[in-house]
Amino acid sequence: MIITKEKPIEEIYGFLEPFGSVLVVGCDSCTQPPRGLREAETYASLMEMAARVKGKEIKCEAITVVRQCCSEGVKEWIKPDGHEVILSMACGIGVQVLNEVFPEIPAFPAQNTVFVGWEEKREGIMYENCRACGDCLLGETGGICPRTRCAKGMMNGPCGGCIDGKCEIPVQLRNWRGEVVEEIKQDCGWYLIFNRLKAMKRLDLFEKYREPTDYSIWTNPRRI
Amino acid sequence: MIITKEKPIEEIYGFLEPFGSVLVVGCDSCTQPPRGLREAETYASLMEMAARVKGKEIKCEAITVVRQCCSEGVKEWIKPDGHEVILSMACGIGVQVLNEVFPEIPAFPAQNTVFVGWEEKREGIMYENCRACGDCLLGETGGICPRTRCAKGMMNGPCGGCIDGKCEIPVQLRNWRGEVVEEIKQDCGWYLIFNRLKAMKRLDLFEKYREPTDYSIWTNPRRI
Amino acid sequence: MEKKAFSELAKKIEAKEFVFTGELEPHRSIDLTEVKEWATTLKEIGKIIAANVTDNPRSDSAISSLVAAYLIQRDTGLECVYQLRVTDRNRLALVSDILGAGALGLKNILALAGDHTRVGTTPKAKPVFDLDSANLIDLIHRMVYEGKDLDGNEIHGPRPEINVGTAGGIMAEPLEMEVFKLKRKAKVGADFIQTQAVFDVNLAVRYLKAVKEVGIPTLIGIFPPRSYAQAEFFGKFVPGVIVPKEFMDDFKKMSEITDKAVRKEKIKEYNVNYFVDFIKEVRKEGAAGCHIMAVGYPDPIAPIIEGVIGK
Amino acid sequence: MEKKAFSELAKKIEAKEFVFTGELEPHRSIDLTEVKEWATTLKEIGKIIAANVTDNPRSDSAISSLVAAYLIQRDTGLECVYQLRVTDRNRLALVSDILGAGALGLKNILALAGDHTRVGTTPKAKPVFDLDSANLIDLIHRMVYEGKDLDGNEIHGPRPEINVGTAGGIMAEPLEMEVFKLKRKAKVGADFIQTQAVFDVNLAVRYLKAVKEVGIPTLIGIFPPRSYAQAEFFGKFVPGVIVPKEFMDDFKKMSEITDKAVRKEKIKEYNVNYFVDFIKEVRKEGAAGCHIMAVGYPDPIAPIIEGVIGK
């Protein structure tokens, strides 16, 4: 799933202020937490309210689509006529597809797209564990990705910053304003790999010297 | 959506060879092309065949789940008893969740997870356009991401490598074996941004000097 | 925007002298003998104020341009323009190297984005691009004039004294986009522009007219080719460089001269005539100087310079 | 695995002399006066073979360790161990800087991962980590012994002559993991290990026993504190360093001495007694030497060395 986090209301309102009529488009696809019709409606109300507070008027209509990341579908499903601007509830992919499909109408992001990852339970904490590198190493690192779960992405870890199995870098948990609310220590990815491979009796895979990552395949923007 | 590409059959078979009974788990979530039950069944047959060719026997069962990126769901939906190993059809996220939820059974990847992006039409070419940086800039760059669509991720582009609106870096299209089948030139992201902002009469946003990206928020592995 | 002239190059530009700079390209080697010889040749021409020392050009790794620039400047007396790419170093390493340049007495940096690592001989390398070229100019300016890095961390003791240049894209299309780019760089402290090589004087003039409003002194890049093959290479394989048909035809004709010495002399004469006219024209249009990029081909350089500014 | 001793440090280690190395920490400054003074102090002690020059320690940017190491070695005559982090440079820049080190006559590199940029004074910087510390050792070894970089690109002319060290994690847990790590590094060419600072001799001995099978000479790091505050800082704030309670209690007691000169003398004596015993013990266990990390606190250094190996 693709994890997104709401942008501050003031930032979003700043995008829309010069316009009178807004189409708020949700996305029912892989964004987590959900960013569908209910959330689009919430943002439509919020933006109308924000305008009223400033003595202005903005009219918002909320809709949603199956997924914003298919331009053929977006072309078919969305009819933005009569609106001057689009607010996308989707990840950065959706925002760019809307701008591509409807070049005459600017589409703005309501979200920051944070990472691809997993959740322990519906709407619980979400964790990043895959950087979509294109050369999956999980088969030989005990099912734990060193490129993602080691902050340094080391191929021959851990580094000296692994103390008591924890990473030297504190993880800062932030609220929706971006303020740090808590600092925690995360597990060292290579410590997890060591223990997993030991349990699997595959420490030969840990001892193995690994060549550096081939970054040529990370060259963005990629296409296949 | 999350774009994945099949690993070479020999690599996958190499993971499974030491084991006798395999559970192939599809994922019905955001992976593109689809990696659900049909694809899981295909891989189950392929692996059994690969074993037979080598004079061995591997028994494969194929199932699928709504999404492999929710560990609570995975725990509920998948009962791997009786299998020695899992082959995940999902992205790298799913593989790691399976390893986390079922620590006694190794789970191996059938896919390389390549990028998050969009497609022009169902099963057409897929393009990367979002790097999930966590600080979406699309609102001021004409709906085109410079961090993803400029290969250098420049904040004040384009660079001198923009010739006739194209990027200096050839994009290599590869087949499933990883061999280069075609080299093409891609649009320069900043050239697109310039033209879009010009059309929007917002060249002030192009002229603006931008501070460097704050990479502290990219520190992986992230969680929210 | 506070600006001072620290280097000989910047001082001459400030004094409105028409300046000439050269180019030095160290290789993937610890041995700098050859490149120092070329520096000595340039120095002896007498009118070359400074020479650029390239940093991993075309993403083909070479000895540290910082170390090379220092050793060349120390051993030949030729002032160096230390080229620094953001391709390979993050902002900590850039701060480190700029301070290193200060400690080693280097006075010019050319701040470059650099070619992407994917196009070079080490394609698997990670491209860094923590900063872009504009951010690097900003960083250097803040270190030199405020004694601080981009995060406000203080430089202790004396500040490095460095002038900073930026690359100009003669062929940028549209030029309006190039002007915006240069305005951003002017805003954060670029002292001068050195353009890529250009052969068509009309393009050089068009460029000078367009960037006049940016208000930064511009050195136009030239590359007198030593042979038809070299001229052809530029026209065919260097992205963004157009060699005029007439120029190519003339080189083609000269390449057919069988006597080597005569051919060499003819090509030299042609280069001298062509580039003297070229430079006079760009000088009229307000160019601050010329950056002569030919490496290892000294023959036409002194005559070209004499042709423009006299002995 | 081909190995040669190029540096004085490597030669003494090869000759089974028990060696001492010191530490030099240049700041974010172009002025190296202070750090050169400390280098001169270390040099004058007579038995310090070489000193490490730190590279952006704790991800707080400082002058290029390459430039600093060169200038210190040139101006004080003390051999330097050039510390090089993979935090800030990709493999092109690393090749450039290793060649630069070769051209400047540096003979030792300590190959480090380095602290993550997020923990330092430039937290917004992009961490590079194109290579990790093992890959850097591999790169240096290939450049020195094969004349090639990791992609097989050739070094032209003479090869750099450099010995390469690696950091040892005394407190790594489990030690089994540390041994695997060091085996990988030995496989790609590490010449010696320098450990982080350790105060508890039992931990040092436990480490030496564990890494014996790796077969690389190990220098144990020590840090004689100049005050109770400094000792306390180590115990409390330096991750992975444990200061024994007895040691802390003794320093606490000494800190209560009101006469400054007496206190200073007592602390010095304590350090000398403590670390002479400590070093004798690790020497017995096969340590190849000691890396003395105290910066700017010369008093106990000479007596400690004399206590171990005589005048």
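Letters A, B, ... are given to chains in the order of the sequence lines, protein chains preceding strands, and every chain is numbered from 1. Note: hydrogens, waters and symmetry copies are ignored here, and every other heavy atom, side chains too, is used. Quick caveat, the model's predicted, so the values are computed rather than measured.
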Which region of [X], side chain (C-beta onward) or backbone (N, CA, C, O), has a non-hydrogen atom less than 4.5 Å from a non-hydrogen atom of chain B, or is it both or neither?
| X | result |
| --- | --- |
| A/T31 | neither |
| A/I86 | neither |
| A/R222 | both |
| A/F115 | both |
| A/I184 | side chain |

Please identify, among [options], the residue contributing the most non-hydrogen atom pairs under 4.5 Å to chain A.
| options | value |
| --- | --- |
| B/C133, B/A107, B/G117 | B/G117 |
| B/K75, B/R67, B/R147 | B/R67 |
| B/V101, B/L137, B/V114 | B/V114 |
| B/R149, B/E140, B/E11 | B/R149 |
| B/S216, B/C130, B/P106, B/C30 | B/C130 |

Please flag which part of [X] lies under 4.5 Å from any non-hydrogen atom of chain A: side chain, backbone, both or neither.
| X | result |
| --- | --- |
| B/V171 | side chain |
| B/C145 | both |
| B/I224 | both |
| B/L16 | neither |
| B/C167 | neither |
| B/S88 | neither |
| B/L138 | both |
| B/Q68 | neither |
| B/M200 | side chain |
| B/Y127 | both |
| B/Q186 | side chain |
| B/L98 | neither |

If you tally heavy-atom pairs under 4.5 Å against chain B, which of [options] wins?
| options | value |
| --- | --- |
| A/A151, A/G143, A/C69 | A/C69 |
| A/P103, A/C91, A/G73, A/G189 | A/P103 |
| A/D135, A/T113, A/L192 | A/T113 |
| A/G153, A/G92, A/G94, A/A199 | A/G92 |

Approximate separation, where rounding is to 0.5 Å, of [X] [atom1] and [Y] [atom2]:
| X | Y | atom1 | atom2 | result |
| --- | --- | --- | --- | --- |
| A/E128 | B/T219 | CD | OG1 | 9.5 Å |
| A/I93 | B/I3 | CD1 | CD1 | 7.0 Å |
| B/M1 | A/I2 | CE | CD1 | 8.5 Å |

query: Is the backbone of B/R131 close enough, under 3.5 Å, to the side chain of A/N220 for a donor and an acceptor to pair up by distance?
result: no
Heavy-atom distance under 4.5 Å between the side chains of [X] and [Y], does that happen here?
| X | Y | answer |
| --- | --- | --- |
| A/R196 | B/N99 | yes |
| B/W118 | A/C70 | no |
| A/E120 | B/E100 | no |

message: Working note: B/R223 + A/E119, criterion salt bridge (Lys or Arg N to Asp or Glu O under 4.0 Å); need CA distance, chi angles, decisive distance, verdict.
response: CA-CA 9 Å; B/R223 58 185 272 174; A/E119 60 182 12; over 6 Å; no
- prompt: For B/Q111 and A/C136, which heavy atoms make the closest approach, and how far apart are they?
  reply: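 For B/Q111 and A/C136, the tightest heavy-atom pair comes out as O-CB, 3.5 Å.
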